Asks: 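One structure is given below, represented as structure tokens, and several questions about it will come after.
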Amino acid sequence: MATIDLDHILTTLGARAWEVPDQSRARVAGGLALSVYAGHTRDQGTPYLLHPLAVVDVLRSELGVTLPETLVLGLLHDALEVSPGTEALLVHRLGGTITTRLRAMTADHRLQGRPKASGDEARWRAKQAALPSEELLVRFADRIHNLRDLSASPNSDRQWKYLRGLTDFYLPLAEAARPINPQLAAAHALLHAEYIRHQQEVRP
């Protein structure tokens, strides 16, 4: 597997076509992504950074997202989940606004560095349902890639819980968000199509 470096991240973001200030911000975000996700792997055994890069690719290539800040949000959407101790660094390098947005996309028990407890799931769902449209796009892109990657997970219980959460919460949330704008409509259609595809693949 080829090494992922800053140049690769900038290419995935499409940052070379951005205005100069946004290009500079992309370089900072890319450096943060390299350090925050370094050493972390998904349960599929792949480097964690591959997941946020795939989310960025879904946002750009399949949902038509062009706003630099939304794509940076996609790149760093799991930063506080993977490494909540880096919050101060994120504030220092990228500012409080985007860090606040990342906090809104991160489960409270992850931010607090504790095991999931009773009531956390309900609070998490309420938190996600309250997200603004750009954050919702990132969240749905995240769900789309996770669904595509789900069959590679060795944890059957995780697979079952993921699919239950998708049918109980994320698909209805995507349906409700569909009228907001064409990108969210496209996200709903893609998430639903990927769910159907997955069901067909696993059906005996």
Side-chain angles (χ1 to χ4, degrees), residues 1-2 4 6-18 22 25-26 29-30 32-34 36-37 40-44 46-82 98 101-102 104-107 128-129 131-153 158-159 162-163 165-167 169-201:
M1 181 182 297
I4 302 171
L6 182 58
D7 185 66
H8 179 86
I9 293 173
L10 294 175
T11 298
T12 304
L13 287 167
R16 289 178 181 81
W18 298 356
D22 290 323
R25 192 164 172 79
L32 287 168
L34 287 168
V36 169
Y37 296 123
H40 296 278
T41 57
R42 306 248 287 167
D43 71 341
Q44 294 90 336
T46 54
Y48 204 100
L49 182 54
L50 291 176
H51 168 63
L53 286 173
V55 168
V56 170
D57 189 56
V58 170
L59 288 167
R60 283 189 67 213
S61 302
E62 301 182 66
L63 300 180
V65 174
T66 58
L67 286 175
E69 197 74 354
T70 305
L71 295 169
V72 167
L73 197 68
L75 177 66
L76 295 173
H77 77 275
D78 275 345
L80 292 178
E81 176 175 333
V82 167
I98 193 168
R101 296 174 75 183
L102 291 170
M105 298 180 67
T106 308
Q128 298 311 281
L131 289 174
S133 60
E134 295 301 315
E135 282 84 339
L136 277 177
L137 275 172
V138 173
R139 177 56 62 216
F140 294 146
D142 168 63
R143 297 293 95 181
I144 289 162
H145 179 251
N146 281 340
L147 186 55
R148 289 171 175 172
D149 213 25
L150 191 60
S151 60
S153 173
R158 176 184 178 273
Q159 292 186 38
Y162 182 87
L163 290 172
L166 196 67
T167 55
F169 179 66
Y170 286 104
L171 280 170
L173 180 62
E175 169 71 28
R178 188 168 55 123
I180 295 174
N181 61 47
Q183 290 173 326
L184 283 167
H188 167 262
L190 187 54
L191 183 60
H192 185 265
E194 287 295 331
Y195 173 71
I196 296 300
R197 182 192 58 77
H198 179 82
Q199 293 297 89
Q200 291 172 341
E201 284 184 357

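Each residue takes its place number in the sequence, starting with 1. As the structure is a prediction and not an experimental result, all values here were calculated from the model.
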Asks: Atom CZ of R42 and atom CG of D149: how far apart are they, to the nearest 0.5 Å?
Replies: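 So the CZ of R42 and the CG of D149 are separated by 5.0 Å.
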Asks: Drop me the distance from L6's CG to T11's OG1, to the nearest 0.5 angstrom.
Replies: 9.0 Å
Asks: Working note: I144 + E62, criterion side chain to side chain contact (heavy atoms under 4.5 Å, CB included); need CA distance, chi angles, decisive distance, verdict.
Replies: CA-CA 11 Å; I144 289 162; E62 301 182 66; 5.6 Å; no
Asks: If I take atom CG from residue N146 and atom OH from residue Y162, how far apart are they, to the nearest 0.5 angstrom?
Replies: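 That separation rounds to 4.5 Å.
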Asks: Rounded to the nearest 0.5 Å, how far does CG of L59 lie from NE2 of H145?
Replies: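 Between atom NE2 of H145 and atom CG of L59 there are 12.0 Å.
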Asks: For L13 and W18: C-alpha separation, side-chain torsions, deciding distance, then whether side chain to side chain contact (heavy atoms under 4.5 Å, CB included) applies.
Replies: CA-CA 10 Å; L13 287 167; W18 298 356; 4.0 Å; yes
Asks: Side-chain contact, heavy-atom cut-off 4.5 Å: L166 with L191?
Replies: yes
Asks: Could you walk me through whether R143 and R139 pass the side chain to side chain contact (heavy atoms under 4.5 Å, CB included) check?
Replies: CA-CA 6 Å; R143 297 293 95 181; R139 177 56 62 216; 4.3 Å; yes
Asks: Is there a side chain to side chain contact (heavy atoms under 4.5 Å, CB included) between L53 and L75 once you walk through the steps?
Replies: CA-CA 6 Å; L53 286 173; L75 177 66; 4.0 Å; yes
Asks: With a 4.5 Å heavy-atom cut-off, do R197 and R148 have their side chains touching?
Replies: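 The answer is yes; the side chains approach within 4.5 Å.
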Asks: By the side-chain hydrogen bond (donor to acceptor under 3.5 Å, both in side chains) test, which pairs, at least two apart or in different chains, include something from residues 68-79?
Replies: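 Listed by first then second residue: R25-E69, Y48-D78, H51-H77, T70-E134, H77-D142.
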Asks: Closest approach of A177 and L184, non-hydrogen atoms and distance?
Replies: O-CB, 3.6 Å
Asks: Provide the closest heavy-atom pair for L63 versus A141 in the form atom of the first, atom of the second, distance.
Replies: CD1-CB, 4.4 Å
Asks: Determine whether V138 and L131 make a side-chain contact, defined as any pair of heavy atoms from C-beta on separated by less than 4.5 Å.
Replies: no
Asks: Please identify each residue that fulfils side-chain hydrogen bond (donor to acceptor under 3.5 Å, both in side chains) with R158, with sequence neighbours left out.
Replies: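 In terms of side-chain hydrogen bond (donor to acceptor under 3.5 Å, both in side chains), with neighbours along the sequence ignored, R158 is linked to no residue.
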Asks: Mind listing the closest non-hydrogen atom pair of T167 and L171 along with its distance?
Replies: CA-CD1, 4.4 Å
Asks: Do the side chain of T106 and the main chain of L102 share a donor and acceptor less than 3.5 angstrom apart?
Replies: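 Such a contact is found between T106 side chain and L102 backbone.
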Asks: Closest heavy-atom contact between G74 and V56?
Replies: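 Between these two residues, the closest heavy atoms are C-CG2, 3.9 Å.
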Asks: From Q44 CD over to L50 CG, what is the distance, rounded to the nearest 0.5 angstrom?
Replies: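 Those atoms lie 10.5 Å apart.
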Asks: Using a 4.5 Å cut-off on heavy atoms from C-beta on, say whether the side chain of F140 contacts that of V58.
Replies: no
Asks: Can you spot which of T66, L137, L136 makes a side-chain contact (heavy atoms from CB on, under 4.5 Å) with Q183?
Replies: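 Single side-chain contact (heavy atoms from CB on, under 4.5 Å) partner of Q183 among T66, L137, L136: L137.
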Asks: Could you point out which residue of Q199, E194, H192 forms a side-chain contact (heavy atoms from CB on, under 4.5 Å) with I196?
Replies: H192
Asks: Just how far is it from atom CD1 of I9 to atom CG of L34, taken to the nearest 0.5 Å?
Replies: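 Rounded to the nearest 0.5 Å, the CD1-CG separation comes to 3.5 Å.
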Asks: Please give me the minimum heavy-atom distance between P68 and D22, naming the atom from each residue.
Replies: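 Nearest pair, atom of P68 first, then D22: CG-OD2, 3.7 Å.
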Asks: Judged by atom type as modelled, is there a donor-acceptor pair below 3.5 Å linking the side chain of Q159 to the main-chain atoms of S153?
Replies: yes
